[in-house]
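Indexing begins at 1, ligand by ligand and atom by atom, following the structure's order.
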Amino acid sequence: MTRSPRVAIIGAGIEGASAAFYLAHKHAVVAELFDPDPYSGASQVAAGMLAPVAEAVYGEEGLLEIMLEAARDWIGLDATLRDSFGLDCGYRGGGSLLVAVGPNDAAEVERTWRFYRKLGLDARIFQKAELAELEPQLSPDISMGIYAKIDNQVDNRAAHRSLISASRTLGVTLTNSRVTEISPEHNGWRVQPEIGSARHFDKVVVAAGVRAGEIEGLPGFVSSVLRPIRGQVIRLAASEIAPAPSLVIRSLWQGRGIYVVGRKSGEVVIGASAEEVGFDPTRRARTTYELLRDAFRVLPGLGEMHLEEINVGYRPGTPDNAPLLGEIDDGLILDLGHFRHGILLASVTGKWIADEVVSPGRNQAIKAFDPARFAKSRGGGNVS
Ligand code: GLY
């Protein structure tokens, strides 16, 4: 293909926006983004942790490399958006702390530290005095924790807006419509939006999040492998008398984990529940109470802050907790299933997907996340 391919990206959450940005910026390929309401999904509810250490989980060691690469790529992506486009993603360094509240939690945090060490991750155990110096907002009851200096954060809302804005500056168009159906036609794809007429594209990237399986024409396995994992998140506003913590804080209290992310802007995000209850938008009082109770236990100053928002989002889960990335048919590419790591991974999966659009099969690293691993066992087959 000598001319620039015509590319549709279905979904303008942070994954679709990142793919559109890399396509336009790195490869000079200008895509059309389709989304009825880009700022309504999980990208807006998330906390923005860029924390490959704090978010490393037993049994998900296969995600470590991509998470580390994503954290490194965010540094460059943030610099490009700032220096070349004048956009601020609210990137904040400083590291993360995983703190234990009770004695049983301390034993678990020590086990986690040994796990990090086994993975070769740079993480140090800090005792009370060092903790107080690092994060003065911490409760004096906290006696030990793990500090990981490579963990950082980004303001996910600002980053998402920035990626869309920079993409539009580069010529990407945003069509405010859902896509109802795709079908193959002469060396490409017919894309049918809900609003407006169908158009032809050479390539289609599906980045429509956990509901992507609702698009007619995708193979059946797409809807059967994606499932929503509900997360309830709280946003507070810090003030002079109640300043925001400066690090990403995770805590463990009686086996329950929460996180608190304090931004330079004064926004403080507390998360999150993880519930296998399907699509249920109820902002549950009990969940709000539990999140606030556990957060106040670690950072008592949060109690003085203004309660701004309570939100519910749906993490796009997959059976192996790893994303679905890559071509599943000629010119049809999936960029789905980022589960708990949507904001972190956006920096690297946007780049990989853009490479895959331009040079299919060239990127070796993406092969580990080939959607074909599910195609046979779960209603695979050709696109109909
Ligand atoms: N990565 C944070 C969450 O999934 O809640």
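Checking H341, M67, E55 one by one against E60, the side-chain contact (heavy atoms from CB on, under 4.5 Å) holds for a single residue, H341. Of the candidates L307, L292, V260, I234, V260 is the only one forming a side-chain contact (heavy atoms from CB on, under 4.5 Å) with L302.
Residue-level proximity to ligand 1 for H341 is absent, since no heavy atom of it falls below 4.0 angstrom.
Protein heavy atom at the shortest distance from atom 1 (N) of ligand 1 is R340 O, 2.7 Å. Looking from atom 4 (O) of ligand 1 to the surrounding protein, the closest heavy atom is R315 NE, 2.7 Å. From the protein, the heavy atom lying nearest to atom 5 (O) of ligand 1 is Y259 OH, 2.6 Å.
A 4.5 Å side-chain heavy-atom check between F126 and E135 finds every atom pair outside the cut-off.
In this structure, D122 pairs ionically with K149, as a charged nitrogen and a carboxylate oxygen lie closer than 4.0 Å.
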Exercise for review: In sequence, state the C-alpha distance, the side-chain angles, and the governing distance for H25 and T80, and then conclude on side chain to side chain donor-acceptor pair (under 3.5 Å).
Suggested key: CA-CA 10 Å; H25 192 247; T80 302; 5.5 Å; no
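Proximity to E55 (heavy-atom distance under 4.0 Å) selects the following atoms of ligand 1: 1 (N), 2 (C). For ligand 1, the atoms lying closer than 4.0 Å to a non-hydrogen atom of A272 are 5 (O).
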